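The structure under discussion appears below in the form of structure tokens.
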Amino acid sequence: MEKKFKVGVLGATGMVGQRFLSLLENHPWYQVVTVAASPRSAGKTYEEAVGGRWKMSTPMPESVKKLIVMDVNQVEEVAAGVDFVFSAVDMTKEEIKAIEEAYAKTETPVVSNNSAHRWTPDVPMVVPEVNPEHFEVIPFQRKRLGTKRGFIAVKPNCSIQSYAPVLTAWKEFEPYEVVATTYQAISGAGKTFNDWPEMEGNIIPYIGGEEEKSEQEPLRLWGTIENGVIVKAQEPVITCQCIRVPVLDGHTAAVFVKFKKKPAKDQLIEKLKNFSGLPQKLNLPSAPKQFIQYLEEDNRPQVAMDVNFEKGMGISVGRLRQDTVYDYKFVGLSHNTVRGAAGGAILCAEALTAKGYIEAK
């Protein structure tokens, strides 16, 4: 790519916004030229606006420190200087819906980390290895919005990344009933242990709205486009519990599965190891070479050892074994702010760029 796309990050001062900026540093296709946040941050340099709230383990990229933060609500002004934007704004659901549509209507594609548009019927919600064909709903969305190049695409909830791709790899065996319990890191709430000391040595068995997302969003990934909208799949039926645990990064899932066709364990492992999709085929910059790794050790995957597999873009699976009530059970692990948030959105943008949906203005 001769000339880099000019990118804006909306909600750039928050934790996911910071993760976007750290992952986009030295990106071969994209250059961050605009950062936008709430009016209270506007007018300051990015370094001043964030102050002591930089939450990444790597230093703030030099390239963004001196950028002047723009007011995210000044849609026309922000959109004027960029080819597309990543959205990680912290607003109410209705406000997010409105502002993302406003950006799209300026002919600026929006690739969002937010949940607001995940159930908008003509907005693709995509894990690029799982359902890139859902991008084909974008022309219908553009027609509704009255745009030529503007649109919204989203990535799904961070908690489903540790098991939905696994079930996708096993699709031919027809999983029809799934029980999952997710053990979710505190960064999923935008927190560190400094912000949330009461999480140390603690477990909270409730994360608002998370169980519904974890049960329903995989079905949308596996849905089909009918008459210009995405219709969710009906199976497998998923029931889920979501628990906050004292871990900084990494969502773990303990999952039980029933299959209509009865696979052998080695068949299931082979499907995981060989599972790949559009990002691997196109060799996209953020694509993991190995999307899913299977670990044979009894005590893996572990957050401390495995969360950064493939720079946080891969998924780790272990403890696959037959069950006495269900057919099989396994443990999955994914990095919730890389694959599950900013990294997953960047991979979506790369796929959209490769497919010609994102173009320079």
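This one's a predicted model, so the numbers in the text were calculated from it and none came from an experiment.
- Distance alone, capped at 3.5 Å, places no donor-acceptor pair between the D306 side chain and the V303 backbone.
- F84 has its ring centre less than 6.0 Å from the ring centre of Y30.
- Under the 3.5 Å distance criterion, with hydrogens and angles disregarded, a donor-acceptor pair is assigned to the side chains of S187 and N336.
- Side chains of E95 and T92: a donor-acceptor N/O pair is present below 3.5 angstrom, by distance only.
- Distance alone, capped at 3.5 Å, places no donor-acceptor pair between the N131 side chain and the E133 backbone.
- A cation-pi contact, defined as under 6.0 Å to the ring centre and within 45° of the axis, links K258 to Y326.
- Looking at S334 and R339, their side chains never bring a donor and an acceptor atom within 3.5 Å of each other.
- Taking the salt bridge (charged side-chain N to carboxylate O under 4.0 Å, His left out) definition, one finds that E270 meets it with nothing, sequence neighbours left out.
- Residues C158 and H251 are in side-chain contact: their nearest non-hydrogen atoms beyond the backbone lie under 4.5 Å apart.
- Using modelled atom types and a 3.5 Å distance limit, the side chains of E210 and Q184 yield a donor-acceptor pair.
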**Request:** Decide side chain to side chain contact (heavy atoms under 4.5 Å, CB included) for T45 and I68; before the verdict, give the C-alpha distance in whole Å, the side-chain angles of both, and the deciding distance to 0.1 Å.
**Result:** CA-CA 4 Å; T45 66; I68 302 300; 3.9 Å; yes
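- Checking K361 against T108 by side-chain atom types alone, a donor-acceptor pair falls below 3.5 Å.
- Taking the six-membered ring wherever Trp is involved, the centroid distance between the rings of F330 and W170 falls below 6.0 Å.
- Counted by atom type alone, E350 and H27 present one or more donor-acceptor pairs between their side chains at under 3.5 Å.
- For the residue pair W222/T168, the side-chain donor-acceptor check at 3.5 Å is satisfied.
- There is a side-chain donor-acceptor pair under 3.5 Å between Q280 and E129.
- Within 6.0 Å of CD in Q241 there are 12 or fewer heavy atoms belonging to other residues, nucleotides or ligands.
- Residues N157 and S159 have side chains that bring a donor and an acceptor to within less than 3.5 angstrom of each other.
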